[in-house]
Amino acid sequence: MTMIRTRFAPSPTGYLHIGGARTALYSWLHTRRHGGRFVLRIEDTDRERSTPEAVNAILEGMAWLGLDYDEGPFYQTERFERYRTHLQTLLDTGQAYYCYCTRERLERVRNEQLARKEKPRYDGRCRDLDGPPSDEVSSEPVVRFRTPLEGHVVVDDAIRSKVQFLNAELDDLIIARGDGSPTYNFTVVVDDLEMGITDVIRGDDHLNNTPRQIHLYEALGAQPPRFAHVPMILGEDGKRLSKRHGSVSVLQYREEGYLPEALLNYLVRLGWSHGDQEVFDVEELIQLFDINEVNHSASTFNPSKLLWLNQQHIMRSEAPHVARHLAPLLAERDVDPGAGPNLETIVRMQQERAKTLVEMADNSLFFYRRPHAYEEKAARKNFKEGTAEILEHCQHRLSGLPEWSAEAIHGVVTEAAETFEVGMGKVAQPIRVAVSGGAVSPPIDQTLELLGRDETVARVEAAVEWLRSQPTG
RNA sequence: GCUCCCAUCGUCUAGCGGUUAGGACGCCGCCCUCUCAAGGCGGAAACAGGGGUUCAAAUCCCCUUGGGAGCGCCA
């Protein structure tokens with residue numbers, strides 16, 4: 001078997017969204033698993049809607065996800081000469097012809113067909129003409145491909161197996177516009193052919209285009225590649241996911257504190273599975289993913305499961321890795337990750353208590369700066385009568401501790417609870433509010449150890465003062 | 001309308017002729033507990049409907065219904 005070559009071919013009319021990312025992922029995994037080469041091609045022949053910003057957004061999205069490509073990016077707009085050459089071949093061999101029909105006539109034919117409840121299609125008026133017809137002639141003729149009238153085509157799909165189309169259902173598609181520029185169905189075939197693509201993996205919205213493309217391959221004297229049409233991802237309302245439809249940019253997940261491998265894991269499981277396994281790392285996926293095992297049916301995007309998977313990946317990842325992704329989020333919050341307790345230690349303490357890195361960042365801010373105020377609810381619940389005394393007691397014990405360790409700190413807390421004859425919660429919680437400003441933090445002994453003695457004592461003292469300054473009653 | 005695709009808990013899925021239809025997310029209890037989590041235990045929750053084939057059908061075939069996609073001088 002020759003080396004596998006696949007491609008991801010987005011059109012730069014918007015950012016990289018969930019559906020595109022999954023298609024790219026499936027292609028990438030398939031390629032990496034078989035030691036092939038992955039090509040990135042930007043399909044920008046629609047000059048009206050393609051933008052450089054979109055190109056950048058797509059490249060950045062791919063980079064963040066770690067879907068690296070071996071060749072490209074290639075741009076279709078730079079390949080017009082290639083299309084022209086093949087177009088001429090088809091014209092020369094009579095497999096394509098000029099069509100002089102005006103848009104108006106086409107529109108009329110179409111409406112008539114629709115009115116008769118027929119499938120709208122070109123009626124073939126110019127198919128067998130030697131020159132322009134006598135009336136309704138367009139000054140800028142298009143080029144149409146001469147589709148066989150009889151017989152059928154079979155798409156042998158890796159996911160859906162054989163799908164048959166009757167040629168009679170197809171019509172003569174336009175392969176070059178009036179201005180001479182090539183159209184989609186033609187450019188993909190030429191590019192996939194010239195780039196030596198062996199496996200075309202794409203959304204199943206393209207399945208209906210495939211028989212036409214197979215005809216084009218054959219007309220150009222080439223063997224079609226293997227096809228794999230992956231099912232669509234639907235929004236929560238069951239409609240196809242699209243940009244105007246709940247599908248956000250993959251980069252938005254970065255903003256929201258998702259790990260790229262969590263998103264990849266979520267995406268791969270949407271349409272593929274390996275027994276009961278839910279959590280995969282990328283290396284495992286490369287070993288296990290098989291394009292032939294992808295499901296047939298469309299699936300619905302489920303944000304809560306993605307959230308859970310993100311948490312799983314945060315928990316299971318190495319602390320330095322999480323720290324790298326967390327650091328920028330801290331910076332966004334005006335915190336210098338280098339100017340405080342060790343970031344990796346913070347990560348280890350927070351790993352199992354954050355579903356997103358955003359949450360982790362927010363819940364870790366107190367390590368870097370003192371609380372400006374106490375959260376009202378937390379203060380109301382934990383700062384009660386007698387709390388000041390408990391805190392003051394702890395403050396003294398903590399400052400007198402011979403050794404600043406979690407174990408020693410824990411001893412202070414239990415001792416205080418015994419001394420005041422209260423539960424641990426009556427001691428730990430007020431300290432927690434004192435140092436963090438809120439009611440949530442990692443275990444109090446570890447938290448204080450990491451925060452450091454001076455900072456801890458200062459914050460507890462501040463809380464005592466604050467409590468004493470409050471009007472009683 | 002025509003063509004193509006699809007159909008197991010709310011969602012993602014396992015199942016590939018014989019299972020008490022399994023797992024996961026979410027949800028609801030209970031346990032653990034200094035908070036939040038994590039974790040453990042338990043629970044509710046599905047084969048769209050109808051015909052065949054077969055000793056036996058969630059699994060194979062057909063129809064119906066439902067959903068999706070395509071039918072551009074968009075990609």
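Throughout, protein chains are lettered first and strands after them, A, B, ... in sequence-line order, and every chain is numbered starting at 1. In this text the structure is predicted, and so the values were computed from the model without any measurement.
Taking only side-chain atoms of Gln76(A), from C-beta outward, the nucleotide of G72(B), A75(B), A7(B) with the closest atom is A75(B). The side chain of Glu278(A) approaches G23(B) more closely than any other nucleotide in the set C73(B), G23(B), G68(B). Among C73(B), G70(B), G23(B), the nucleotide with an atom closest to any side-chain atom of Asp276(A) is G23(B). Listed nucleotides: C12(B), A75(B), C25(B). Nearest to the side chain of Ser11(A): A75(B). Out of A75(B), G68(B), A7(B), the shortest distance to the side chain of Glu43(A) is found at A75(B). Ranking C25(B), C5(B), G70(B) by closeness to the Lys305(A) side chain, first place goes to C25(B).
Put simply, the side chain of Leu401(A) reaches to within 4.5 Å of the side chain of Trp404(A), judged on heavy atoms.
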Query raised in the report: How does each nucleotide of nucleotides 35-46 of chain B score, in 5' to 3' order, for protein heavy atoms under 4.0 Å: base (B), sugar-phosphate only (S), or none (-)?
Result: BBBSS-------
Requested in this report: May I have the step-by-step check of side-chain hydrogen bond (donor to acceptor under 3.5 Å, both in side chains) for Glu359(A) and Gln350(A), ending in yes or no?
Outcome: CA-CA 10 Å; Glu359(A) 187 184 337; Gln350(A) 299 280 212; over 6 Å; no
Requested in this report: Take Tyr374(A) and Phe383(A) through the test ring pair (Phe, Tyr, Trp, His ring centres under 6.0 Å) and record every step on the way to the result.
Outcome: CA-CA 10 Å; Tyr374(A) 302 114; Phe383(A) 287 170; 5.3 Å; yes
Query raised in the report: Where do Thr419(A) and Glu415(A) land on the side-chain hydrogen bond (donor to acceptor under 3.5 Å, both in side chains) test, with the steps shown first?
Result: CA-CA 6 Å; Thr419(A) 301; Glu415(A) 181 272 334; 2.8 Å; yes
**Report entry** Worked verdict on Asp44(A) versus Thr77(A) for side-chain hydrogen bond (donor to acceptor under 3.5 Å, both in side chains)
**Finding:** CA-CA 6 Å; Asp44(A) 55 352; Thr77(A) 43; 2.7 Å; yes
Requested in this report: Show your reasoning for whether side-chain hydrogen bond (donor to acceptor under 3.5 Å, both in side chains) applies to His229(A) and Arg202(A).
Outcome: CA-CA 5 Å; His229(A) 288 94; Arg202(A) 64 196 354 174; 3.2 Å; yes
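For the atom pair CZ (Arg269(A)) and CG (Leu306(A)), the distance works out to 13.0 Å, reported to the nearest 0.5 Å.
Under the 3.5 Å distance criterion, with hydrogens and angles disregarded, a donor-acceptor pair is assigned to the side chains of Asp179(A) and Ser181(A). No side-chain donor-acceptor contact under 3.5 Å links His410(A) and Gln446(A).
Taking 4.0 Å as the cut-off between side-chain N and carboxylate O, Asp171(A) and Arg212(A) count as a salt-bridged pair. Ionic pairing of Arg432(A) and Asp445(A) is not present here: no N-O contact between side-chain nitrogen and carboxylate oxygen is shorter than 4.0 angstrom.
Checked against the 6.0 Å centroid criterion, the rings of His206(A) and Tyr184(A) qualify as a close aromatic pair.
Across all strands shown, G17(B) forms no Watson-Crick or G-U wobble pair with both distances under 3.5 Å. Across all strands shown, C34(B) has no partner, as no Watson-Crick or G-U wobble contact with both distances under 3.5 Å is found. Base-pair partner of C4(B): G68(B) (Watson-Crick or G-U wobble, both distances under 3.5 Å). Nucleotide C73(B): unpaired (no Watson-Crick or G-U wobble partner with both distances less than 3.5 Å). As the counterpart of C25(B), G10(B) is assigned, both hydrogen-bonding distances of the Watson-Crick or G-U wobble pattern falling under 3.5 Å.
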Show me the donor-acceptor pairs, under 3.5 Å and distance only, between side chains in residues 97-104 of chain A and residues at least two apart or in other chains.
residue: Tyr97(A); atom: OH; partner: Asp172(A); partner atom: OD2; Å: 2.6
residue: Thr102(A); atom: OG1; partner: Arg105(A); partner atom: N; Å: 3.1

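Counting to the nearest Å, the P atom of A75(B) and the OH atom of Tyr83(A) are 11 Å from each other. Taking atom CG of residue Asn111(A) and atom C1' of nucleotide C2(B), one finds them 16 Å apart after rounding to whole Å. Rounded to an integer number of Å, the gap from CZ of Arg121(A) to P of G1(B) is 18 Å. Rounded to whole Å, the distance from CD on Gln213(A) to C1' on C71(B) is 15 Å. Summarising the geometry, the separation between CE on Met349(A) and P on C34(B) is reported as 17 Å, rounded to the nearest angstrom.
Atom P of C6(B) sits at a distance of 31 Å from the matching atom of U20(B), rounded to the whole Å. Spacing of P atoms, A75(B) relative to G70(B), comes out at 14 Å, to the nearest Å. Rounded to whole Å, the C1' atom of C63(B) lies 45 Å from the corresponding atom of G29(B). Comparing the P positions of G49(B) and A58(B) gives a spacing of 11 Å, expressed to the nearest Å. U3(B) and C60(B) are spaced 25 Å apart, taking the C1' atom of each and rounding to whole Å. Rounded to whole Å, the C1' atom of A37(B) lies 44 Å from the corresponding atom of C5(B). With both ends at atom P, the span from G22(B) to A48(B) equals 16 Å, rounded to whole Å. Between C12(B) and G26(B), the distance separating the two P atoms is 16 Å to the nearest Å.
If you check residues 179-191 of chain A against RNA chain B, the residues with a heavy atom closer than 4.0 Å are Thr183(A), Tyr184(A), listed by number. Proximity of residues 257-270 of chain A to RNA chain B (heavy atom under 4.0 angstrom from any strand atom) is restricted to Arg269(A), Leu270(A). Within residues 151-175 of chain A, the residues approached by RNA chain B to less than 4.0 Å at the level of any non-hydrogen atom are Arg160(A), Val163(A), Gln164(A), Phe165(A), Glu169(A), Ile174(A), in residue-number order.
The phosphate of U13(B) (OP1 or OP2) has a side-chain N or O of Asn295(A) nearer than 4.0 angstrom. Distances shown here put every side-chain N or O of Thr13(A) at or beyond 4.0 Å from the OP1 or OP2 atom of A75(B). The shortest distance between the side-chain N/O atoms of Thr45(A) and the OP1/OP2 oxygens of A75(B) is below 4.0 Å.
Residue Glu407(A) places its CD atom among 12 or fewer non-hydrogen atoms of other residues, nucleotides or ligands, all under 6.0 Å distant. Within a 6.0 Å sphere centred on CD of Glu389(A), other residues, nucleotides and ligands contribute more than 12 heavy atoms.
As judged by a 4.0 angstrom heavy-atom cut-off over every strand, Lys119(A) is placed among the base-contacting residues. Within the 4.0 angstrom heavy-atom criterion, no nucleotide atom of any strand lies near Gly438(A).
A donor and an acceptor atom never sit less than 3.5 Å apart when one is taken from the side chain of Asp205(A) and the other from the base of G70(B).
Under the ring-ring contact (aromatic ring centres under 6.0 Å, His included) criterion, Phe420(A) pairs with His393(A), not counting sequence neighbours.
Among Thr345(A), Ile346(A), Val435(A), the one residue that satisfies the side-chain contact (heavy atoms from CB on, under 4.5 Å) test with Phe367(A) is Ile346(A).
Between Trp272(A) and His206(A), the one whose closest nucleotide on RNA chain B sits nearer the 5' end is Trp272(A). Comparing Arg116(A) and Gly178(A), the nucleotide of RNA chain B nearest to each residue sits closer to the 5' end for Arg116(A).
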